[in-house]
Each structure stands twice: as C-alpha cells, then as structure tokens.
2 protein chains.
Amino acid sequence: MAAAGTATVSAGKGERTAARIREVALDQFSRLGFERVTMSDIAEAAGLSQATLHYHFQDKDQLWRSAMLGLGEVIAEEERMLDAAQDASPLAQLRIAMRFFLRISWKHPALGRVVALEGMAGGERLAWLDEHVLGHRNRRLAALASAAIEAGVLKPFPPEMIVITLQAGAAGVINLAPLMRDTFGFDPDTAEGRAAHESLVLDALLSGFVKSERDI
Amino acid sequence: MAAAGTATVSAGKGERTAARIREVALDQFSRLGFERVTMSDIAEAAGLSQATLHYHFQDKDQLWRSAMLGLGEVIAEEERMLDAAQDASPLAQLRIAMRFFLRISWKHPALGRVVALEGMAGGERLAWLDEHVLGHRNRRLAALASAAIEAGVLKPFPPEMIVITLQAGAAGVINLAPLMRDTFGFDPDTAEGRAAHESLVLDALLSGFVKSERDI
DNA sequence: AGTTTTGTTGATTTTATAGTCAAAAAAGAT
DNA sequence: ATCTTTTTTGACTATAAAATCAACAAAACT
C-alpha cells in the first residue's frame with residue numbers, strides 16, 4: 001500500500017507519478033470543478049490507467065485534497081513574501097499581496113476558480129480548503145485591511161468585505177475569461193491584457209478603497 | 001403531452017407545478033452548479049417524484065434552461081430601467097445599473113452564482129446563457145463604460161474588463177457568503193451587512209474607476 | 001541471480017443518476 | 001355520475017463513473 005499524503009523520505013518512482021497525477025488533477029479540477037472531472041479523464045491526461053490513480057490515492061476526494069495542497073504551497077510562498085515586508089505599511093503590504101495574487105492567478109488560474117467553486121457551494125470541501133489552504137492568509141489580509149483602516153488610509157468598510165471584494169474583483173477577469181470571449185469576443189489572457197489588468201487592479205480597484213487626500 | 005416551455009394560455013395545475021419545479025431548480029442549480037444537483041434532489045425539494053420532473057421537462061438540460069429564463073426576466077427588468085434613464089450620463093447609468101445589480105443579487109443570489117459557475121467553465125451552457133440571458137446587457141454596460149471613458153469621467157481601461165471587474169467584485173461578497181462565514185465567522189447577509197456592502201460597492205469599488213478631479 | 005517490495009493494469013463489480021413506461025390518481029368536461 | 005384528459009407515480013432500464021481485485025511488470029534489495 002502506498003503512503004498517500006505523507007510522502008516517503010526519498011522520492012522514488014511512486015512519488016514521482018503521484019506528483020504527476022496531482023498536477024494533472026489540479027489543472028483539471030480547477031478548470032472544471034470536482035464533478036465535471038472523472039478519474040479516467042485524469043488518468044488519460046496523465047498517461048496512466050485509472051486503476052493506478054486508485055493505487056496512489058484512496059478515492060477521488062483524497063486526490064482532490066492532495067492536488068489542492070499544491071495551491072497551499074503557492075500561498076505559503078506569498079505569506080513568506082509578506083513576512084519579508086513586515087516593516088512596510090499595511091497598505092503597502094496589501095499592494096504587495098495584490099500584485100502577487102495577480103501573478104499567481106494568471107499562472108495558476110486554478111486558485112481563483114477553486115475558491116469560487118467551493119466558496120459558493122459551501123460544505124466539507126470548503127471547510128477543508130479553509131483550514132488547509134486559504135483561511136490563514138485571508139485572515140491575515142483582513143487584519144492588514146483593518147490596520148490600514150485604523151491608520152486612516154483605507155475607507156472604513158468591513159475589512160472582510162474589502163478583502164473578498166478585492167480578490168473577487170481581481171480574479172473576475174481571470175476566471176471569467178471564457179465568458180469574456182463569448183460575450184465580448186475579448187480575450188484578456190494576452191500580454192497586453194494582463195498588463196492592462198494589473199494596472200486596472202492596482203490603480204482602480206485597490207485605489208478605490210484608499211482614502212484620497214481630500215478625505216484626510 | 002405537456003407543453004414544456006411554451007405555457008398554455010390559462011395556468012392550470014400543470015403550469016403551476018412546472019413553475020414550482022423551475023423555482024427549486026434555479027435555487028439549487030445556482031447554489032451548486034449543474035452537475036452537483038440531481039433530478040431527485042430537485043424532485044424531493046419540490047415534494048414530487050422525479051418522474052414528474054420528466055413529465056414537465058424533457059431532460060435535465062431543458063429544466064436548467066427553463067430555470068435560467070427566470071433570471072432573464074430579472075435582467076430584462078434592469079434593461080427597462082436603463083431605458084428609462086437614457087438621458088442620464090453614462091456614469092449615472094452605470095451607477096443605476098450597479099445599484100440594481102446589488103438589489104437583485106441579494107434577492108436572487110442565483111444570478112451571480114450561475115454566471116460565475118458557467119462563465120468559468122465555458123461550453124454550451126455558457127453560450128446559451130450569453131445568447132438568452134446575459135450577453136445583451138453586458139455589452140450594453142460595456143458600451144456605457146466606453147462612453148464614460150470617452151467623456152473623460154472613467155479611467156481608460158478596457159471597458160470589458162471594467163464591467164466584469166465591477167460585477168465580479170460586487171458579487172463576490174454575495175456569492176462567497178459561505179466562505180466568509182467559514183473563514184471570518186462573518187455573515188454578510190444581514191441588514192447591516194447589505195447596507196455596508198452597498199456603500200462599499202458604490203463609494204469604493206465603482207468610484208475607484210472614476211477619474212478624480214485631480215486627474216481632470 | 002533470486003527474492004521481495006513497489007507500482008501498474010485489464011477486467012470486473014458497485015453505485016449513483018438520468019431517463020422510460022405503463023398504470024393509477026386527480027382534474028376537468030359532459 | 002360518467003367519461004376524457006391531464007398529471008403523478010412506482011418500478012424499471014440504461015449508462016457512466018467510482019472503486020476493487022487478481023494478475024502481471026518493474027524496481028529495489030540481498
């Protein structure tokens with residue numbers, strides 16, 4: 001029996017294929033959601049039989065969890081970045097976080113999509129995501145927003161709402177690229193599109209929450 | 001055989017139960033997406049056998065479409081509102097649209113959720129939604145944004161991105177209420193929450209895209 | 001080289017769900 | 001009250017996908 005979850009010390013063949021499976025699974029789950037992806041889909045994309053998936057992962061749910069931990073690592077990277085910037089002002093840290101969020105969201109569209117899919121549905125998978133992947137970072141961002149409000153540089157709205165609105169707004173253009181193509185014939189996922197999006201997020205979306213000099 | 005889709009002139013028993021089915025279906029589909037909802041789930045929630053659903057609707061896909069047309073009516077209402085305000089400035093019309101969007105989004109959380117679910121996945125159902133429910137109104141809003149940019153009152157970002165960001169940002173707090181409860185222990189869906197959200201959307205999210213006097 | 005452990009697979013079972021159908025029940029017409 | 005049409009249902013079929021398993025192959029170990 002393979003040690004699914006807790007990896008053995010040195011990565012043998014098993015761990016390598018498990019990793020490949022996780023990668024493929026993350027890509028597909030995030031694109032289509034849990035139920036639109038079948039074990040055979042993943043197996044095929046990974047060039048394996050679907051029985052092999054069940055050798056490495058007890059069931060579909062565990063494979064999903066295991067794949068999502070990949071996102072956890074990406075987020076951990078962001079948190080280290082924030083640790084390194086702890087001396088900066090709360091607002092400056094929020095800007096850093098947003099810039100990082102954009103970068104990883106274009107690179108792993110998985111992130112925003114999974115959050116959206118599970119965050120709307122609620123239930124066990126959301127609770128698990130919250131505990132193992134998202135919760136800590138989101139509460140940290142809310143604390144930053146809260147501090148920025150107290151410092152008088154952000155408009156006084158519930159910090160939780162600010163954090164969610166910023167991320168949902170920023171992720172919208174990325175997640176909803178299919179809709180934008182259908183509706184507008186506009187593909188945001190180009191070099192120019194991403195550049196325009198970055199300044200849109202930083203100079204319009206985020207700055208809308210910043211108190212202008214007038215207000216001070 | 002029942003006339004599924006085209007209602008018979010006077011609403012007999014059949015049309016009334018069909019309407020109940022559509023209501024329940026809209027609620028569940030929008031909360032969980034097409035594939036997480038089974039015909040039996042809907043039947044049970046409507047207090048009917050699942051065979052009855054197939055009497056009124058040919059298949060699951062048709063039921064979904066039929067349910068979504070309920071959203072189409074809500075959007076048509078918004079469009080009438082915009083028609084009535086055609087003399088107002090583009091920005092004023094956008095504000096009206098956003099205010100309306102908030103009102104209906106809290107009343108029919110289905111709307112934003114379905115857009116998010118299908119807008120991320122792409123495919124046939126999205127194309128259908130675009131043609132029958134969403135497309136016209138979104139292109140109209142983009143045209144308004146475009147006009148506002150030309151008038152020099154909105155910052156010059158791609159109008160399609162502005163429209164999507166505004167709606168995704170505004171809908172975030174509504175759609176992701178389950179996540180907010182899990183992560184923050186914060187329930188946005190209260191009288192105060194909705195009030196705070198409205199001013200957040202109008203005075204921070206939207207106003208972030210408005211050129212300040214400084215810029216003019 | 002031989003043995004054991006780990007990894008892989010085709011074939012099969014199980015389960016969940018969409019969709020059908022003939023018969024019963026309810027509603028409506030005469 | 002009887003007949004006709006509409007509506008509802010329980011029981012069934014078909015299908016797709018998850019999960020299992022016994023046999024086989026490859027790697028690792030001695």
Side-chain angles (χ1 to χ4, degrees), chain A residues 1-26 28-29 31-68 121 123-125, chain B residues 1-26 28-29 31-68 121 123-125:
Chain A
M1 205 178 299
T6 28
T8 40
V9 182
S10 72
K13 195 188 183 197
E15 185 43 42
R16 267 178 293 131
T17 51
R20 188 161 87 260
I21 294 170
R22 270 193 293 269
E23 240 177 82
V24 172
L26 176 58
Q28 304 218 357
F29 279 138
R31 203 183 301 287
L32 299 167
F34 184 79
E35 24 277 299
R36 284 190 214 199
V37 175
T38 71
M39 294 297 272
S40 314
D41 289 342
I42 298 169
E44 192 180 352
L48 295 165
S49 85
Q50 130 268 41
T52 303
L53 267 60
H54 283 283
Y55 172 74
H56 290 282
F57 303 94
Q58 202 173 11
D59 57 24
K60 193 183 175 186
D61 219 77
Q62 277 224 0
L63 171 54
W64 183 88
R65 282 181 165 82
S66 208
M68 290 309 133
E124 277 200 19
R125 278 196 293 275
Chain B
M1 208 179 296
T6 26
T8 40
V9 182
S10 71
K13 197 190 182 197
E15 185 44 42
R16 267 177 293 132
T17 53
R20 187 159 89 260
I21 293 170
R22 272 192 291 268
E23 242 176 80
V24 171
L26 176 58
Q28 303 217 359
F29 279 137
R31 204 181 301 286
L32 300 167
F34 185 79
E35 28 275 299
R36 282 188 210 195
V37 176
T38 71
M39 294 298 271
S40 313
D41 289 342
I42 298 170
E44 192 180 354
L48 295 164
S49 84
Q50 132 269 41
T52 302
L53 267 60
H54 283 282
Y55 172 73
H56 289 282
F57 303 93
Q58 202 173 11
D59 57 25
K60 194 183 175 186
D61 220 78
Q62 278 224 359
L63 171 53
W64 183 87
R65 282 181 165 82
S66 206
M68 290 309 134
E124 277 201 19
R125 278 196 294 278

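Below, read A as the first sequence line, B as the second, and so on, with proteins coming before strands; counting in each chain starts at 1.
Atom NE2 in B:His54 sits roughly 9 Å away from atom C1' in C:dT17 (whole-Å rounding). At whole-Å resolution of the value, CD in A:Gln50 and C1' in D:dA18 are 8 Å apart. Whole-Å rounding puts the A:Glu15 CD to D:dA27 P distance at 17 Å. When the P atom of C:dT20 is taken as reference, atom OH of B:Tyr55 falls 15 Å away, rounded to whole Å. Rounded to an integer number of Å, the gap from NE2 of B:His56 to C1' of C:dT20 is 16 Å. Regarding B:Met39, its CE atom lies at a distance of 18 Å from the P atom of D:dT15, rounded to whole Å. The CZ atom of B:Arg36 sits 17 Å away from the C1' atom of C:dT17 (whole-angstrom rounding). A straight line from CZ of A:Arg16 to C1' of D:dA27 spans 10 Å, rounded to a whole angstrom.
Each of A:Asp59 and B:Leu53 lies near DNA chain D, and the nucleotide nearest B:Leu53 is the one positioned closer to the 5' end.
One finds the NE2 atom of A:His56 at 3.0 Å from the OG1 atom of A:Thr17 (value rounded to the nearest 0.5 Å).
Listed candidates were D:dT9, C:dA18, C:dG7. Nearest to the side chain of B:Leu48 is D:dT9. The side chain of A:Ser49 approaches C:dT9 more closely than any other nucleotide in the set D:dA18, C:dG7, C:dT9. You'll find that the side chain of A:Thr52 is closest to C:dT9, out of C:dT9, D:dA18, C:dC21.
The phosphate of C:dT8 (OP1 or OP2) has a side-chain N or O of A:Thr17 nearer than 4.0 angstrom.
Using a 4.0 Å cut-off between a side-chain N of Lys or Arg and a carboxylate O of Asp or Glu, A:Arg22 and A:Glu15 qualify as a salt bridge.
When side chains are defined from C-beta on, B:Phe29 does not count as touching B:Glu35, because their heavy atoms never get closer than 4.5 Å. At least one side-chain heavy atom of B:Arg125 sits less than 4.5 Å from a side-chain heavy atom of B:Asp61.
Classification of the B:Trp64-B:Phe34 ring pair by plane angle, with boundaries at 30° and 60°, yields perpendicular.
Judged by distance alone, with hydrogens and angles left aside, B:Gln58 brings no side-chain donor or acceptor close enough to the base of C:dG19 to form a pair under 3.5 Å.
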